Amino acid sequence: MHVSFNIGSDLEAAVSGAAQAAGLEPGAFSPELRAADPRHGDFQANGVLGYAKARKLNPRAVADQVVAALPASLREHFEVGIAGPGFINFRLKPATLLAWLCTYDSAEHLKSGAAALYHGQRYVVDFSSPNTAKQLHVGHIRGMVIGEAICRLLAFCGAEVIRDNHIGDWGTQFGKLIWGYKHLRNDAALAADPLEELERIYKAADAAAKADPAVLDAVRAELVLLQSGNPENRALWDRINTLSAGAFTSIYRQLGIHFDHQLGESFYNDKVPQVYTELTAAGLAVESQGALVVFHPEHPRFKTQPFIIRKSDGAANYASTDLATMLYRTEHFRADAIAVLTDARQSDHFEQLWLTTQKWFAHTGRRLPRFEHVSFGSILGEDGKAIKTRSGDPIKLQALLAEAEERAFALVTEKSPELPEAERRDIANAVGVGAVRYADLAQNRSSDYIFSWEKILAFEGNTAPYLLYAVTRIHSIFRKAGLDPAAAMAGATPPETPEELALARKLVGFATVLNLTTAQLRPHFLCTYLYELAGEFSTFYVANKVIVDDAPVKARRLLLCARTLLVLETGLQLLGLRTLTRM
RNA sequence: GCGGUGGUAGCUCAGCCGGAUAGAGCAACGGUUUUCUAAACCGUCGGUCGUGGGUUCGAGUCCCGCCCACCGCGCCA
């Protein structure tokens, strides 16, 4: 029996076809296929309600017509019913559930099923993008974690993903850093802990510039010198970047994050003049108060709120380099889509950037890629205020991860003292880092996130430990039975008990959730799904003993276990979590 | 002032293009282990979905007004 990966989208097409065959107005009817409440079925089509209402028809009669026109083959897979005012309900037959489970039996097969979604599309994903000479702190982690998950998800769904770390290695902060380096540096401290000292220098220079306009001018002058190629400043710049790159790399390695490119702002330095020239020629950029700016007359705010692409002192800023970056990603990488991850406070900037790019490319006859600013809320302290780099004591990422691991180690030791210490350390790493990561992913990215140890390390509910535990329980079953979960499962019969059926249905829903998650680039949809899947598994696990004497029952339960394991591990890996076999 | 994001159970959050009796976790209370990992499972309790209108057969979801919180709005990124 052939069964497609995304059963829902096939069903939707079938209902559309049936409506047409039944003589409903072409183009006027949409199936409105939804995942249904399990009490009613697996899918429901609501489209006839609106259609019938608009034409003063009896909705149940219309539903009857549509159902009667469904292809006979569809009834091999679904039980079809009409309920209430005209809902059409579809319930997957156990044999179809079994067929799906037998077909999608490996990560490769799941991937090839999902690949239709973004096949042939090239995505440039810009994430992490820290500023040089500032240590990574808790405020940086969200973009890193969400960005990595998005890259993995898009690649799994067939896209060609180009990961680019757009490092802030050319901004105004270098004026402060270089001025501070020349005037405020402590050589002993720099030798002992370069990044710490550079950060201190930066903060001190920033404070001095705020306090004294003369310092501010000097800082700007250093930046102009750097950007015009002054050898001394250039050498300092180089040194500062080298020092910080090492620190970033170590964190990226810990988190399993990698990039294909690290084209920082400096890379675009020589590409900025073209932006000025073309935007001016297009009549988009104008001089205002000594700066080169772009206004958008059709926009209620951006008709007066300028997009400053060259500062009055002649220096470039991030608008300049971001425009050059859009061009480079379009022309050099031939991106079909560009996704940039930053916190939501930069929304205005990216809206202006995108408006400007559209007009610019239209004017110069360039192909326009899709663009998405993947924004996310700020990380807040327990007091509900944003954690900022220059105020208070933001938690360093290095320290955060170390503490998470330490706390996880204490818990593992408490729960599983019999395991050797080396293994407990390894488990603590996966659980601790995974918990921090998962906490950032599980919440809708558009809302702010209140950081608290209690929440990040909570081991109940929708958390990494709960999911990792479900994975280890499944491994344990196979270990006890002396079986390989990846081996073929012969002799399985279709799911029968309520728990088996609920679990099988949830597994089939993996296709839909991949669709939803990538369409909106919101990993929390996948998190919610995996949490629900793990819940269905736990319910199944306590109610249905797997290793039983009845061979067909044992085979089908082992099959369900194997597929749950496959989907959980695949899903968690897409989110960037490392899974375990014991904990 | 303009704009963005949010306001759902005591707390932290889900709720996808409008659909059938609004869901989890924590907290509180009660139960489950001679049986594959109890970091688990099951049950009870708990909600005028900020507020007032509107559209609709149907609104937590869409539209308008208002209230509250946070964020952004000319040379930081």
Side-chain angles (χ1 to χ4, degrees), chain A residues 30 32-37 39-40 44 46 49-50 52-53 59 83-87 89 129 131 168 171-173 175-176 206 220 265 288-293 300-302 304-313 315 317-319 321-322 342-349 351 375 377-378 380 384-386 411-412 414-416 431 442-444 446-448 450 452 454-455 458-463 465-466 468-470 472-481 512-513 515-517 519-520 522 524-525 527-528 531-532 535 538-539 541-548 557 561 582-583:
Chain A
S30 160
E32 291 184 31
L33 196 80
R34 309 276 186 268
D37 185 310
R39 286 173 300 211
H40 303 118
Q44 59 182 62
N46 303 334
L49 286 121
K53 180 65 192 175
F87 300 113
N89 291 329
S129 308
N131 284 333
T172 308
Q173 79 270 23
K176 290 171 186 166
D206 185 58
R220 286 186 178 145
E265 290 173 348
S288 171
Q289 297 175 25
L292 192 63
V293 309
R301 273 179 310 125
F302 302 146
T304 52
Q305 183 179 320
F307 189 50
I308 299 171
I309 65 171
R310 188 180 63 208
K311 298 194 286 182
S312 53
D313 61 10
N317 65 0
Y318 83 140
T321 49
D322 276 3
T342 78
D343 71 80
R345 288 175 298 189
Q346 299 183 39
S347 295
D348 274 2
H349 168 77
E351 204 181 328
S375 64
S378 306
L380 308 178
K385 294 192 170 186
L411 282 162
V412 179
E414 182 192 330
K415 299 289 180 186
S416 306
V431 172
Q443 190 166 331
N444 189 342
S446 52
S447 42
D448 286 349
I450 294 176
S452 82
E454 196 180 327
K455 174 163 183 169
F459 279 45
E460 294 96 19
N462 188 7
T463 65
Y466 179 82
L468 294 174
Y469 179 67
T472 59
R473 282 176 124 186
I474 303 173
H475 274 294
S476 177
I477 292 169
F478 284 96
R479 199 159 47 231
K480 282 273 164 58
T512 310
V513 81
N515 212 334
L516 182 64
T517 305
Q520 298 191 28
R522 291 183 190 273
H524 83 280
F525 286 124
C527 294
T528 303
Y531 175 55
E532 288 169 355
S538 289
T539 303
Y541 176 91
V542 294
N544 297 266
K545 181 140 176 75
V546 176
I547 307 302
V548 292
R557 289 184 181 167
C561 288
R582 287 203 295 188
M583 64 185 275

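Numbered from 1 within each chain, the chains take letters A, B, ... in sequence-line order. Note that the structure is a prediction, hence the values are computed from the model and not measured.
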Check your understanding: Given the C1' atoms of B:A9 and B:U56, what is the spacing between them in whole Å?
Key -> 29 Å
Check your understanding: Who is the Watson-Crick or G-U wobble partner of B:A40, with both distances under 3.5 Å?
Key -> B:U32
Exercise for review: Take atom CD1 of A:Ile474 and atom P of B:C41, then tell me their distance rounded to the nearest Å.
Suggested key: 13 Å
Practice item. With heavy atoms under 4.0 Å as the rule, sort A:Phe525 into base, sugar-phosphate or nothing. Key: sugar-phosphate
Review point. From B:G74, B:A39, B:C41, pick the nucleotide closest to the side chain of A:Thr539?
Key: B:C41
Exercise for review: For A:Ala344, answer base if it contacts any base atom (sugar-phosphate contacts may also be present), sugar-phosphate if it contacts only those atoms, and nothing otherwise; contact means non-hydrogen atoms under 4.0 Å.
Suggested key: nothing
Practice item. Verify the ring-centre separation between A:Tyr531 and A:Tyr466: is it less than 6.0 angstrom? Key: yes
Point to revise | Separation of atom OH in A:Tyr318 from atom C1' in B:G72, rounded to whole Å | key: 10 Å
Review point. Using a cut-off of 4.0 Å on non-hydrogen atoms, how would the nucleic acid contact of A:Ser538 be classed: base, sugar-phosphate, or nothing?
Key: sugar-phosphate
Extract from the structure each pairing of a protein N or O with an N or O of nucleotides 49-51 of chain B at less than 3.5 Å, listing the distance.
none

Practice item. Measure from CG on A:Asp448 to P on B:G4 and round the result to the nearest Å. Key: 16 Å
Check your understanding: Across the strands shown, which category fits A:Val293 at heavy-atom distances under 4.0 angstrom: base, sugar-phosphate, nothing?
Key -> base
Practice item. Test for a donor-acceptor pair under 3.5 Å between the base of B:G25 and the side chain of A:Glu460, counting only N and O atoms. Key: no
Practice item. Considering only atom C1', compute the distance from B:G46 to B:G6 and round it to an integer number of Å. Key: 24 Å
Point to revise | Check: B:C75 base within 3.5 Å donor-acceptor of A:Ser312 side chain | key: yes
Exercise for review: Starting from the 5' end of RNA chain B, give me the residue, A:Ala543 or A:Ser447, whose nearest nucleotide shows up first.
Suggested key: A:Ser447
Check your understanding: Any N or O donor-acceptor pair linking the side chain of A:Tyr469 to the base of B:A39 at under 3.5 Å?
Key -> no
Point to revise | Nucleotide forming a Watson-Crick or wobble pair with B:C2, both distances under 3.5 Å | key: B:G72
Exercise for review: Nearest whole angstrom, please: distance from the C1' of B:C73 to the CD of A:Gln346.
Suggested key: 14 Å
Exercise for review: Please work out if A:His524 contacts a base, only the sugar-phosphate, or nothing of the nucleic acid, heavy-atom cut-off 4.0 Å.
Suggested key: sugar-phosphate
**Study point:** Pairwise C1' distance, B:U8 and B:G47 [rounded to whole Å]
**Key:** 7 Å
Review point. Between B:U33 and A:Tyr541, is there an OP1 or OP2 to side-chain N/O distance shorter than 4.0 Å?
Key: no
Check your understanding: Between A:Asp448 and A:Gly377, is there a donor-acceptor pair closer than 3.5 Å when you use the side chain of the first and the backbone of the second?
Key -> no
Atom pairs, N/O to N/O, protein against nucleotides 17-24 of chain B, distance under 3.5 Å?
from: B:C17; atom 1: N3; to: A:Arg34; atom 2: NH1; distance (Å): 3.4
from: B:C17; atom 1: N4; to: A:Leu33; atom 2: O; distance (Å): 3.2
from: B:C17; atom 1: N4; to: A:Arg34; atom 2: NH1; distance (Å): 3.3
from: B:G19; atom 1: O2'; to: A:Gln44; atom 2: NE2; distance (Å): 3.3
from: B:A20; atom 1: N7; to: A:Gln44; atom 2: OE1; distance (Å): 3.1
from: B:A20; atom 1: N6; to: A:Gln44; atom 2: OE1; distance (Å): 3.2
from: B:A20; atom 1: N6; to: A:Asn89; atom 2: OD1; distance (Å): 2.5
from: B:A20; atom 1: N6; to: A:Asn89; atom 2: ND2; distance (Å): 3.3
from: B:A20; atom 1: N1; to: A:Asn89; atom 2: ND2; distance (Å): 3.4
from: B:A24; atom 1: O2'; to: A:Tyr531; atom 2: OH; distance (Å): 3.1

Review point. Atom CD of A:Glu351 and atom C1' of B:G4: how far apart are they, to the nearest Å?
Key: 9 Å
Revision key, fill the gap. note: A:Asn544, atom CG; B:C41, atom P; distance rounded to Å ~ 15 Å
Review point. How many Å lie between CZ on A:Arg301 and C1' on B:G4, as a whole number?
Key: 7 Å
Review point. When rounded to the nearest Å, what value does the distance between C1' atoms of B:U32 and B:U48 take?
Key: 37 Å
Practice item. Measure from CD on A:Gln443 to C1' on B:C26 and round the result to the nearest Å. Key: 15 Å
Practice item. Indicate the atoms forming the closest heavy-atom contact of A:Ala291 with A:Ser312, along with that distance. Key: CB-N, 3.9 Å
Practice item. May I ask which nucleotide in the shown strands pairs with B:G65, Watson-Crick or G-U wobble, both distances under 3.5 Å? Key: B:U51
Practice item. Please evaluate the base of B:G74 for a donor-acceptor partner in the side chain of A:Ser288 within a cut-off of under 3.5 Å? Key: yes
Practice item. Using a heavy-atom cut-off of under 4.0 Å over every strand shown, decide if A:Phe478 touches base, sugar-phosphate, or nothing. Key: nothing
